[in-house]
There are 2 protein chains.
Amino acid sequence: MSMDRRKVRTKALLRKALIEVMEEKGPERITVRDLTDKADINRGTFYLHYTDLPAMLQQVKTEMWDGLKQRMEKLNPYDYLSFATRNEPDPMMVKVFEYYAEHADFFRVILGPKGDPAFPVLIKEFLKKHHITKILNIQPELAETILPKDYMVEYFAASNLSIVLHWIETGMQESADTIALLITNILGISVERLYGIKNHNHGNKRKTHVRKT
Amino acid sequence: MSMDRRKVRTKALLRKALIEVMEEKGPERITVRDLTDKADINRGTFYLHYTDLPAMLQQVKTEMWDGLKQRMEKLNPYDYLSFATRNEPDPMMVKVFEYYAEHADFFRVILGPKGDPAFPVLIKEFLKKHHITKILNIQPELAETILPKDYMVEYFAASNLSIVLHWIETGMQESADTIALLITNILGISVERLYGIKNHNHGNKRKTHVRKT
DNA sequence: ATACATGTGTTGAATTCTCGACAGTTCTAT
DNA sequence: ATAGAACTGTCGAGAATTCAACACATGTAT
């Protein structure tokens, strides 16, 4: 692969410059010169790595998205719902937030006001598709509450993403563990609460809460 | 000169690595590998810039010392003693402390417990030679106090250096201006005070203090 | 409408850096 | 006392980066 130190160094420099420039100017208005000046790299060198500025943007974004997706795919609703009952953070979820923290600058900008509006949508869609619906399948009773299922899915996804966003915007004061525990708990509690609503409304089949092995 | 970006970049990386490693281990025990590993640079590249590790140390130190000396040479006792009476920082002295601030990491380490004991001596000797004695020449009456002249010189130099050291050790909280003003004032006050001692002992030729155009 | 500045891609030759290897030295532990 | 590990200084071949220069496009102010 790209074993040569120089390649990884200049790509890192370019990426760092991209984030900085994107934070200053919009995501538009960026020029190749901006990047190479900021990175203190010859302008020609840029074209040794990327064909284009839009190409670079695209490539960087998909690389980061792949990294995030890859970690989110390892999440298992069975696991973190069970960790929630023990008030412990799901280790797999910690990995996810460590990834956010590792690339804090990128995510802060890309998810911020001058970032790419499509990016948070990507995340939310993934959450909806791979997790929330899974949870509802694990707990089919939840789907029978007063909320229509699609609203429920939307609600879970949005609330979780909003926590991540706030964490990032406030400079990531808390550790990845803390946020992981927070989300784990919120998920657990929400599930419990909604289950309670269902019980309240249809009040019959009793259960000792959400606890799942 | 060294126009090529790569040269300045790797030299900067090496210098940064040197400071970091010097802070961890002593000034001894450092190895070329340490530096090139920390700087993420090929070991062979080191020898493209320096013949040796001691050579690099020497070179870096003299470069920094030259920079410092160069700025200190522009100081003029006439000026800062006059600025002192107006409670303003001498602009030339501000330049000196801005230099300290610019290379804060280097000075913190080189003047610190794991640094080079010879370095502060260098500074002090310079102060003694180029400034304190000048002051005493400007104010020859000062030389006639109870303190022998050599002790006086030593006293001034040491007290000034100690302030800089403390500034550096405490993480340079104050701005360069603040420190410049502080030193300017201390110099002015000290001169006044010692002049008072002399007056007290020999009490005759009266003057409106130290003020000098 | 024209000049003028700024940005884009691309090129070729020169320079610097990387990688992997080498033999020789010094330190350390057994 | 000796083997093993780590460091040193050096080398050649090849890869990456630099620099200066192109021609061309896109504004932008006069």
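Letters A, B, ... are given to chains in the order of the sequence lines, protein chains preceding strands, and every chain is numbered from 1. Here the structure is a predicted model, which means the values were calculated and not measured.
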Whole-Å distance separating the CD1 atom of I30(A) from the P atom of dT8(C): 11 Å
base_contact_polar (dA6(D) base, R33(B) side chain, donor-acceptor, <3.5 Å): no
Within-4.5 Å side-chain heavy-atom neighbours: T36(B) and V32(B): yes
Integer-rounded Å distance: dG7(C) C1' and D37(A) CG: 11 Å
Contact check, side chains of L18(B) and I30(B), non-hydrogen atoms, under 4.5 Å: yes
Close side-chain approach of R15(B) to E63(B), heavy-atom, < 4.5 Å: yes
Whole angstrom value for the distance that separates C1' of dT18(D) from CG of L13(A): 15 Å
Polar side-chain contact R6(B)-dT15(C) base: donor and acceptor under 3.5 Å: yes
Short side-chain donor-acceptor distance under 3.5 Å, R6(B) and T10(B): no
For atom NZ of K25(A) and atom C1' of dG7(C), their distance in whole Å: 11 Å
Nucleic acid contacts of residues 43-63 of chain B, taken as heavy-atom distances under 4.0 Å to DNA chain D: R43(B), Y47(B), D52(B)
Rounded distance in Å - CZ (R5(B)) to C1' (dA14(C)): 16 Å
Protein-nucleotide distance (I41(A), atom CD1; dT16(C), atom C1'), rounded to Å: 14 Å
Gap between atom CD of Q59(A) and atom OH of Y50(A) - 0.5 Å precision: 5.0 Å
Nearest-nucleotide 5' precedence on DNA chain C, T31(A) against T10(B): T31(A)
Whole-Å gap separating C1' (dT16(C)) and CE (M3(B)): 16 Å
Heavy-atom donor-acceptor pair, Y100(B) side chain to L68(B) backbone, under 3.5 Å: no
Short side-chain N/O contact to dC17(C) OP1/OP2 from N42(B), under 4.0 Å: no
Sugar-phosphate only, base, or nothing, as touched by R9(A) at under 4.0 Å among non-hydrogen atoms: sugar-phosphate
NZ or CZ of R43(A) within 45° of F46(A) ring axis and under 6.0 Å: no
d(CG, D40(B); C1', dC17(C)) in whole Å: 12 Å
